[in-house]
Amino acid sequence: MAAAGRDVLGALLTWLQTFAPPSPCATPQDLTDGVALAYVLHSIDSSWFDETWLGLIRDDAADNGRLKVSNLQRVLQRLLEYWQEVLGRALPEHHLPDVALAAQSAEPEELRRMVRMVLRCAMSGAGGSPTLPHTAPQEPHTAPQEPPLPHSTPQSPPVP
């Protein structure tokens, strides 16, 4: 990954920390078990990412590759449901992260895709109101450009 791509992921990690999840999220490795992402999603919309769903995310997965993949699959599946049912949007398959690669090798590009989906949930919010504890991270203009995630209206803000 290019330096600009690492900077983007670093900015996204800093943004995740503003939600003060109970597990660390300062490095890409910290995201591989899905726990921090799950707690951030719960903070964004606790009625959708509820306590029952949160209870399915194993917080003891740090050293178990299969549990890490399972956690990230649960997070991704619920994110996709949220995008479809709450935000009224579907994601093309080429935008989806490879959770196995993310969990097993902390692949920055795959983790960045996952966090971008979470950021978009926070920016869109249930009912159209953003759920941002602080401003969204600004990506450097030199960051490699990925096709934007689909929007429901042409007036939607650009996706980082």
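For reference, positions follow the sequence shown, starting with 1.
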Enquirer: Of all the heavy-atom pairs spanning Trp53 and Val75, show the shortest one and how long it is.
Expert: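 Nearest pair, atom of Trp53 first, then Val75: CZ2-CA, 3.9 Å.
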Enquirer: Is the shortest side-chain heavy-atom distance between Trp15 and Leu119 below 4.5 Å?
Expert: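 When only atoms from C-beta onward are counted, Leu119 and Trp15 do touch, with a gap below 4.5 Å.
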Enquirer: Spell out, as yes or no, whether a donor-acceptor pair under 3.5 Å connects the side chain of Thr14 to the backbone of Gly10.
Expert: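 Between the backbone of Gly10 and the side chain of Thr14 there is a qualifying donor-acceptor contact (under 3.5 Å).
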Enquirer: Taking salt bridge (charged side-chain N to carboxylate O under 4.0 Å, His left out) as the definition, give me every residue that meets it alongside Arg78, ordered by chain and number, with sequence neighbours left out.
Expert: Glu81
Enquirer: If the condition is salt bridge (charged side-chain N to carboxylate O under 4.0 Å, His left out), which residues does Asp63 pass it with, not counting sequence neighbours?
Expert: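 Asp63 satisfies salt bridge (charged side-chain N to carboxylate O under 4.0 Å, His left out) with no residue once adjacent residues are dropped.
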Enquirer: Please test Arg116 against Leu12 for side-chain contact (heavy atoms from CB on, under 4.5 Å), starting from the C-alpha separation and ending with a verdict.
Expert: CA-CA 8 Å; Arg116 285 183 71 220; Leu12 291 169; 4.1 Å; yes
Enquirer: Taking the side chain as every heavy atom from C-beta outward, state whether Trp83 and Cys121 have any atom pair closer than 4.5 Å.
Expert: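 Yes - at least one pair of side-chain heavy atoms lies under 4.5 Å apart.
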Enquirer: Could you state the interatomic distance from CD (Gln104) to CG (Asp98), rounded to the nearest 0.5 Å?
Expert: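 Nearest 0.5 Å value for the CD-CG distance: 8.5 Å.
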Enquirer: Any chance you could lay out the side-chain contact (heavy atoms from CB on, under 4.5 Å) test for Leu54 and Tyr39, step after step, and finish with the verdict?
Expert: CA-CA 7 Å; Leu54 200 56; Tyr39 277 95; 3.5 Å; yes
Enquirer: Is any side-chain heavy atom of Ile57 closer than 4.5 Å to one of Arg74?
Expert: yes
Enquirer: Can you tell me how far apart OG1 (Thr32) and NZ (Lys68) are? Round to the nearest 0.5 Å.
Expert: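 So the gap between those two atoms works out to 3.5 Å.
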Enquirer: State whether the side chain of Glu110 and the backbone N or O of Val99 hold a donor-acceptor pair below 3.5 Å, judged by distance alone.
Expert: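 Not confirmed, Glu110 side chain does not pair with Val99 backbone.
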Enquirer: Do you know which of Leu37, Asp59, Val35 makes side-chain contact (heavy atoms from CB on, under 4.5 Å) with Asn71?
Expert: Val35
Enquirer: Atom CG in Leu16, atom CG in Leu31: separation rounded to 0.5 Å?
Expert: 6.0 Å
Enquirer: Where do Leu67 and Asp33 land on the side-chain contact (heavy atoms from CB on, under 4.5 Å) test, with the steps shown first?
Expert: CA-CA 7 Å; Leu67 284 179; Asp33 65 3; over 6 Å; no
Enquirer: So, does Asp30 use its side chain to make a donor-acceptor pair with the main chain of Thr27 at under 3.5 Å?
Expert: yes
Enquirer: Does the pair Leu76 and Gln73 meet the rule for a side-chain contact (heavy atoms from CB on, under 4.5 Å), with working shown?
Expert: CA-CA 5 Å; Leu76 179 59; Gln73 284 175 331; 5.8 Å; no
Enquirer: How far does CZ of Arg112 sit from CE of Met117, to the nearest 0.5 angstrom?
Expert: 13.0 Å
Enquirer: Check for a donor-acceptor pair, side chain of Ser23 on one end and backbone N or O of Ala36 on the other, with a separation under 3.5 Å.
Expert: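 The answer is yes, because a donor-acceptor pair under 3.5 Å joins these two groups.
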Enquirer: Search all heavy atoms of Ser124 against all heavy atoms of Arg89 and return the closest pair with its distance.
Expert: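 The pair with the smallest heavy-atom distance is OG-NH1, 3.1 Å.
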Enquirer: Quick check: closest heavy atoms across Cys25 and Gln17, and the distance to 0.1 Å?
Expert: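 Shortest heavy-atom separation between Cys25 and Gln17 comes out as O-NE2, 3.3 Å.
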Enquirer: CG/Leu91 to CZ/Arg120 distance, rounded to the nearest 0.5 angstrom?
Expert: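 Taking CG in Leu91 and CZ in Arg120, the distance rounds to 10.0 Å.
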Enquirer: Do the rings of Tyr82 and Trp48 sit parallel, tilted or perpendicular, given the 30° and 60° boundaries?
Expert: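 Correct class here is perpendicular.
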Enquirer: Under 4.5 Å between any side-chain heavy atoms of Glu107 and Pro28, yes or no?
Expert: no
Enquirer: Check for me, please, whether Leu101 and Met114 land in the same ILVMFWY cluster - side-chain distances under 4.5 Å, paths through other members count.
Expert: no
Enquirer: Counting C-beta onward and ignoring hydrogens, is there a side-chain heavy-atom pair between Leu41 and Asp45 closer than 4.5 Å?
Expert: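 A side-chain contact under 4.5 Å is absent here.
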Enquirer: Going from CG on Leu13 to OG1 on Thr18, what distance comes out if it is rounded to the nearest 0.5 angstrom?
Expert: 11.5 Å
